[in-house]
There are 2 protein chains.
Amino acid sequence: MSGNGTQKRQVTRLSRERRVFDIMAAARAVFREKGYEDAPLSDIAERANVVEGSIYRYFENKRDLLVKVIEDWYEGMLADYGQQLSGISGTRNRLRYMIWRHMNTIHEEPALCNLMFQHIRPSRDYSQTAVFQLNREYTRQTLEIIRSGIEAGELRNDVPLRLVRDMIYGCIEHHTWTYLRGEGNFDPDASADAIVDLVLSGLQVRVPAEPVRPDIAERLEKAVARLEEMALSGDTGAPAP
Amino acid sequence: MSGNGTQKRQVTRLSRERRVFDIMAAARAVFREKGYEDAPLSDIAERANVVEGSIYRYFENKRDLLVKVIEDWYEGMLADYGQQLSGISGTRNRLRYMIWRHMNTIHEEPALCNLMFQHIRPSRDYSQTAVFQLNREYTRQTLEIIRSGIEAGELRNDVPLRLVRDMIYGCIEHHTWTYLRGEGNFDPDASADAIVDLVLSGLQVRVPAEPVRPDIAERLEKAVARLEEMALSGDTGAPAP
DNA sequence: CGAAATGATGAATTGTCCTCATTAAGATCA
DNA sequence: TGATCTTAATGAGGACAATTCATCATTTCG
């Protein structure tokens, strides 16, 4: 409207790394806030101080941007996982840490987790992505915990490992979502304890280590009674008529 | 192009029910084939022999159409569930049936399940939908199975019910997806057995019902030995030096 | 300093969902 | 039966977001 007809446009050029970093940071924030489909590329571009079209110089398309964002987040998350875990000993403690950490992640980044579960994991080519590989390494450690528990004789050896893995992760996810939906409040510590307990002990009632098995107690008592009787009567041990 | 300039357009009018039925059937097919975002309304309209705009006379928008499709499918699915379940007795058998059925559903309609998990369940207003209510009733029956197992003394009574529910459903879903992704082949029967077993028994090694507790066996043997000795010696029962 | 190479731009294109003024089919009534 | 009214169906067009590309700005290099 005002007379800036022949104004030369300003163009700022930064290093490739810096641009990629800016765009991914902006994308992560916007995706976290609005989800995937409700996040217009224009929002991301604006927040990154870039024009829409420029994004396509660094990312194939919107989906590729999402994948890279999640990948980046995942890497940061898992960076210290192995190390932390190696500092914990005992099957139960290690399982508990793994469960606790997984729950905590969902609790702290529900939006990004949602993107992962809604848009990355169900995609056809998921098993070709880097996130898949990261995840594989992550869950491999869980399988390893179980395997060493079996070797130590603490855990049953007749259970399909993958099923156990699926049970643990499935439980965590399902449980966290129902909580996030607003059923009760969230206590990762208590929940982690309960899940470990349930996975290890199962639902069935366990017979406590019985003080004395009834049939044996009976036989013992009879033997003692007979002993006493014999001691008093001088019997030779043949049953009384 | 060819000279049909003033051709009167043909309009067919059907009952409201019939139109809704046609559109939902077409939508279910197209959604199943292409997912949600990759299913253009034009495809659905074409398959239903309707023009795009007409869909909006019966459904608020694309999402509403999806919700109604899933609702409809869910209702059909759960119609006989309660009845089937009431024909099965025993905690283990009932749990197994519930698990088997859930797995089977995912196996037979992976695409529709995906829509449910990806687009319906995570939505903000999920807990206001009819599907949510249906699902609630569905999982309530699972809680009921467990509750009656507890009452019968078969199951532990110190376990949070919701956690058990989450564990079962989470396990089924996670497990089925990893299978559908192509890791191994799918055997609902074997898997259902394994899941029931794991949920009931847990991971930990169970001490088998010992034939005789060692300490008791020892005492028994000693008693018998003493008996014999006494019978031979005419001892009064005081321990031998 | 000039030319070539590369990066950034935003206008234009495309593909969808969705709206709405217009038209056709069927219902109602004289 | 024919005129009028009601309402369903239509499809052209609006809105909006992803993606492309010809053009121009900046940097690099001889």
Side-chain angles (χ1 to χ4, degrees), chain A residues 1 4-31 33-69 115 118-120 123, chain B residues 1 4-28 30-31 33-69 115 119-120 123:
Chain A
M1 293 293 178
N4 56 1
T6 42
Q7 194 184 51
K8 281 203 174 175
R9 71 183 176 190
Q10 270 293 16
V11 172
T12 49
R13 303 181 92 151
L14 300 166
S15 73
R16 179 178 186 85
E17 286 74 28
R18 177 62 196 280
R19 270 279 139 106
V20 169
F21 180 87
D22 284 356
I23 294 173
M24 295 223 326
R28 184 192 285 205
V30 176
F31 282 146
E33 232 172 74
K34 306 195 172 187
Y36 180 67
E37 27 262 344
D38 289 344
L41 230 36
S42 56
D43 275 26
I44 296 172
E46 191 179 8
R47 194 187 289 234
N49 283 317
V50 152
V51 104
E52 277 184 65
S54 296
I55 294 177
Y56 288 86
R57 184 157 297 283
Y58 302 100
F59 302 92
E60 276 183 44
N61 49 38
K62 190 180 174 185
R63 184 178 165 70
D64 179 48
L65 177 55
L66 173 72
V67 170
K68 297 257 170 62
V69 164
L115 290 172
Q118 254 186 97
H119 291 97
I120 307 289
S123 75
Chain B
M1 293 296 177
N4 55 0
T6 42
Q7 193 184 49
K8 282 202 176 176
R9 72 183 176 189
Q10 270 294 16
V11 173
T12 49
R13 303 180 92 151
L14 299 167
S15 74
R16 178 178 186 83
E17 286 74 28
R18 177 61 196 280
R19 272 278 138 109
V20 169
F21 180 88
D22 283 358
I23 293 172
M24 295 222 329
R28 185 192 284 204
V30 176
F31 283 145
E33 233 171 74
K34 307 195 171 187
Y36 180 67
E37 29 262 342
D38 290 343
L41 271 178
S42 54
D43 275 26
I44 296 172
E46 191 179 9
R47 193 186 289 233
N49 283 317
V50 151
V51 104
E52 274 185 66
S54 296
I55 294 177
Y56 288 85
R57 184 157 297 282
Y58 303 100
F59 302 92
E60 275 183 46
N61 49 39
K62 191 181 174 185
R63 185 177 164 69
D64 179 48
L65 176 56
L66 173 72
V67 171
K68 296 257 170 62
V69 164
L115 290 172
H119 290 97
I120 307 290
S123 74

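None of the values given here were measured: they were computed from a predicted structure. First the proteins, then the strands, lettered A, B, ... as listed; each starts at 1.
Shown here for Ala27(B) and Val69(B), the closest heavy-atom pair between the two residues is CB-CG2, 3.8 Å. Contact detail for Lys62(A) and Glu37(A): the closest heavy-atom pair is NZ-O, 3.9 Å. Shortest non-hydrogen contact noted between Val51(B) and Ala45(B) is C-CB, 3.9 Å. The shortest non-hydrogen separation linking Phe59(B) to Ile23(B) is CE1-CG2, 3.6 Å.
Separating the CG atom of Asp22(B) from the C1' atom of dA8(D) is a distance of 15 Å, rounded to the nearest angstrom. The distance between atom CZ of Arg18(B) and atom C1' of dA8(D), rounded to the nearest whole Å, is 16 Å. Taking atom CZ on Phe31(A) and atom P on dA17(D), their separation rounds to 14 Å, with Å as the unit. In this structure, Glu37(A) places its CD atom 15 Å from C1' of dC16(D), rounding to the nearest Å. Here the C1' atom of nucleotide dT19(D) and the CG atom of Leu65(A) are 14 Å apart, to the nearest Å.
If you check residues 49-63 of chain A against DNA chain C, the residues with a heavy atom closer than 4.0 Å are Val51(A), Gly53(A), Ser54(A), Arg57(A), Tyr58(A), listed by number. Scanning residues 38-45 of chain A for heavy-atom distances under 4.0 Å to DNA chain D yields Ala39(A), Pro40(A), Leu41(A).
The only member of Tyr58(A), Phe31(A), Tyr36(A) that meets side-chain contact (heavy atoms from CB on, under 4.5 Å) when paired with Leu65(A) is Phe31(A).
Ionic pairing of Arg47(A) and Asp43(A) is not present here: no N-O contact between side-chain nitrogen and carboxylate oxygen is shorter than 4.0 angstrom.
Of the possible donor and acceptor atoms, none in the side chain of Arg19(A) sits under 3.5 Å from a partner among the backbone N and O of Val50(A).
Arg16(A) comes within contact range of no nucleotide atom at all, as no heavy-atom separation falls under 4.0 Å.
With sequence neighbours excluded, no residue forms a side-chain contact (heavy atoms from CB on, under 4.5 Å) with Phe21(B).
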